[in-house]
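So the structure is just underneath, and the comments pick up after that.
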2 protein chains.
Amino acid sequence: MARIENLNLSQQVTNELGRAIIAGEFNAESGLPTEAQLCDEYGISRTAVREAVKMLAAKGLISSRPRQGIRVEPASNWNLYDTSVLKWMLDSSPSMLVLKEFLQMRMAIEPQAAALAAEYGTDEDIQHIADALDEMNKAAADPKASMHEADLAFHTSILFASRNRFFFQLRDFIRTALSVSIQHTTPAKGNDMGVAEDHAKIYTAILNRQPERAKNMMTYLIDEAMTFIEAEIKGAK
Amino acid sequence: MARIENLNLSQQVTNELGRAIIAGEFNAESGLPTEAQLCDEYGISRTAVREAVKMLAAKGLISSRPRQGIRVEPASNWNLYDTSVLKWMLDSSPSMLVLKEFLQMRMAIEPQAAALAAEYGTDEDIQHIADALDEMNKAAADPKASMHEADLAFHTSILFASRNRFFFQLRDFIRTALSVSIQHTTPAKGNDMGVAEDHAKIYTAILNRQPERAKNMMTYLIDEAMTFIEAEIKGAK
DNA sequence: ATTACACATATTGTATTATAATATGCTTTA
DNA sequence: TAAAGCATATTATAATACAATATGTGTAAT
């Protein structure tokens, strides 16, 4: 087990087991080792093992019952919107497989969020979007600055401005999806300014309280990534 | 504590504390009682209390550190897509407040899911949609049959047919949103047949592999509920 | 007076042991 | 063959002890 400083024992075991479960290292029928076996394996007390098991159960990965042991739940029950679960997923499966699914989700969430931001975002919310856009422009001019971080901040600030807690709750998911997306599309760019302009159009639409336009501009932005990825998938065949 | 048969102790405490946290019964600054106090309060061992605390921490509701105690996390960290968390939320806050947010999310997710279903759903997936539609038609004719259940099955089957695990993962969320939605819109209906026809149009579009049309029909369906709710909110003022 | 250091203290973190509850399979019996 | 009961493996809960970790307090040094 990779002992990580600053995390307590049960959290480390949670990490290790969570990763292993999602990587498919446990047979779905036979399930996990018993608590006693896990104690031996990791050289820790049952207290720590049980707390780890409870945390994984809370995330929908496993369930445990007396005499039956610890079973892996069907993947359809895993809480994919849990940050840890999402991380374990990306660690284990080649990101190309989920990249398209990510983009499909972004295509559902972000245009709608942009429209809601245009309709309900406060002036302060919209100022935060402007701030992120400024950072992106700076980064486009100055290679030292981080375009990536500014990009994430831009999209997150729009989720926040939607004034809908369910949209904002997806910020980690969207950030992850966006990061993976960027990693795959960046090689082909060289047009930082063009991307920045596309983002600016979204911001302007929100500022001018044009929900439909904001939605369309966001759809366009994501569709560019989608087109690129589909070509890449096709090419890989 | 309402002791529920068939749930073990730590799960019952998790339920009770989760409910109380989301209902705002704990001061955000002072946090929760210490483990020792919780033991006294519920008359249970530290083992059970700690396991409950770990489960709640896994859902993002709390965090605990030595010497500092158990703190309530900011609501923005709560995992709203966890079924339990969602349930606690609906139990505590008047559903009217979240109903519009639910509909905004449905408006993002479901039209896109319908489009994906039309593009990627297998024939078998689409048959399941047809089955649910049949049930809805039966229920429209026969008052004994449950329209509600058939309606939920219809929407769920489309999420499944999207062939995107992130969409399907939202099934509990969508089902909850839809249930709340129905509770508020049903009084004004009397047009079960009209609703069933709207659903049929979505199905037909998916069957004929028309993603755009499927999306539009689903948008129309949800927009009807949205219009109704907005009128109700306006009327309540 | 202010800073730095050490120490006391409260609270969670981990370990250990013991017992209870529960479900599964096997054996016995009718 | 079926039903009842018993053995057993595994998790569930409890109780106790000690370790680790922050937080504040007081004391000493500058």
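To find a chain, count down the sequence lines: A is the first, B the second, and so on, and within it residues start at 1. Small disclaimer: the values here were computed from a predicted structure and weren't measured.
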With the threshold set at under 4.0 Å for non-hydrogen atoms, list the residues of residues 45-61 of chain A touching DNA chain C in residue-number order.
A:Ser45, A:Arg46, A:Thr47, A:Ala48
Estimate the overall bend of the helix from C:dA1-D:dT30 to C:dA30-D:dT1 from the end axes over five pairs each, rounded to 10 degrees.
0°
OP1, OP2 of C:dG13 versus side-chain N and O of A:Ser10: anything below 4.0 Å?
no
Would you grab the first and last nucleotide of DNA chain D (5' to 3') that comes under 4.0 Å of any non-hydrogen atom in chain A?
D:dT8 to D:dT13
Residues in contact with DNA chain D, drawn from residues 67-75 of chain B - heavy-atom cutoff 4.0 Å:
B:Arg67, B:Gln68
Tell me whether the centres of the aromatic rings in B:Phe166 and A:Phe173 are closer together than 6.0 Å.
yes
Would B:Leu99 and B:His184 count as a side-chain contact (heavy atoms from CB on, under 4.5 Å) here? Give the steps.
CA-CA 9 Å; B:Leu99 181 49; B:His184 279 266; 3.5 Å; yes
Report yes if some heavy atom in the side chain of A:Phe26 is under 4.5 Å from a heavy atom in the side chain of A:Leu17; otherwise report no.
yes
Side chain proximity check, B:Leu221 to B:His155, heavy atoms < 4.5 angstrom
yes
Qualifying side chain to side chain donor-acceptor pair (under 3.5 Å) pairs, either residue in residues 66-75 of chain B, two or more places apart
B:Ser63-B:Glu73
Evaluate B:Val85 against B:Ile22 for side-chain contact (heavy atoms from CB on, under 4.5 Å), listing each step before the verdict.
CA-CA 8 Å; B:Val85 175; B:Ile22 289 183; 3.8 Å; yes
Just so I know, are the side chains of A:Asn77 and A:Pro74 near enough to count as touching, which here means a heavy-atom distance under 4.5 Å?
yes
Please report the C-alpha distance between A:Ile70 and A:Leu38 in whole Å, then the side-chain angles of each, then the deciding distance to 0.1 Å, and finally whether the side-chain contact (heavy atoms from CB on, under 4.5 Å) criterion is met.
CA-CA 11 Å; A:Ile70 305 166; A:Leu38 289 172; 4.2 Å; yes
Could you check if a side-chain atom of A:Glu25 sits within less than 4.5 angstrom of a side-chain atom of A:Ile21, using non-hydrogen atoms only?
no
Step by step, work out the side-chain contact (heavy atoms from CB on, under 4.5 Å) result for A:Arg175 and A:Leu178.
CA-CA 5 Å; A:Arg175 287 173 67 95; A:Leu178 186 55; 5.7 Å; no
I'd like a table of donor-acceptor pairs (distance under 3.5 Å, sequence neighbours excluded) in which one partner is a side-chain atom from residues 111-130 of chain B, with atom names and distances.
unit_1   : atom_1 : unit_2   : atom_2 : d
B:Tyr120 : OH     : A:Lys100 : NZ     : 2.9
B:Thr122 : OG1    : B:Glu124 : N      : 3.4
B:Thr122 : OG1    : B:Asp125 : N      : 3.0
B:Thr122 : OG1    : B:Asp125 : OD1    : 3.2
B:Thr122 : OG1    : B:Asp125 : OD2    : 3.2
B:Asp123 : OD1    : B:Arg209 : NH2    : 3.3
B:Asp125 : OD1    : B:Arg163 : NH2    : 2.8
B:Asp125 : OD2    : B:Thr122 : N      : 3.0
B:Asp125 : OD2    : B:Arg163 : NE     : 2.7
B:Asp125 : OD2    : B:Arg163 : NH2    : 3.0
B:Gln127 : NE2    : B:Asp131 : OD1    : 3.0

Nearest whole angstrom, please: distance from the C1' of C:dA15 to the CG of A:Asp40.
14 Å
Does the distance from a Lys or Arg side-chain N to an Asp or Glu carboxylate O, for A:Glu51 and A:Lys54, drop under 4.0 Å?
no
Roughly how many Å is it from CD in B:Glu35 to C1' in C:dT11, rounded to a whole number?
8 Å
Does any part of the side chain of B:Ser45, heavy atoms only, come nearer than 4.5 Å to the side chain of B:Arg50, both counted from C-beta?
no
Would you mind reading off the distance between B:Asn8 atom CG and C:dA23 atom C1', rounded to a whole angstrom?
15 Å
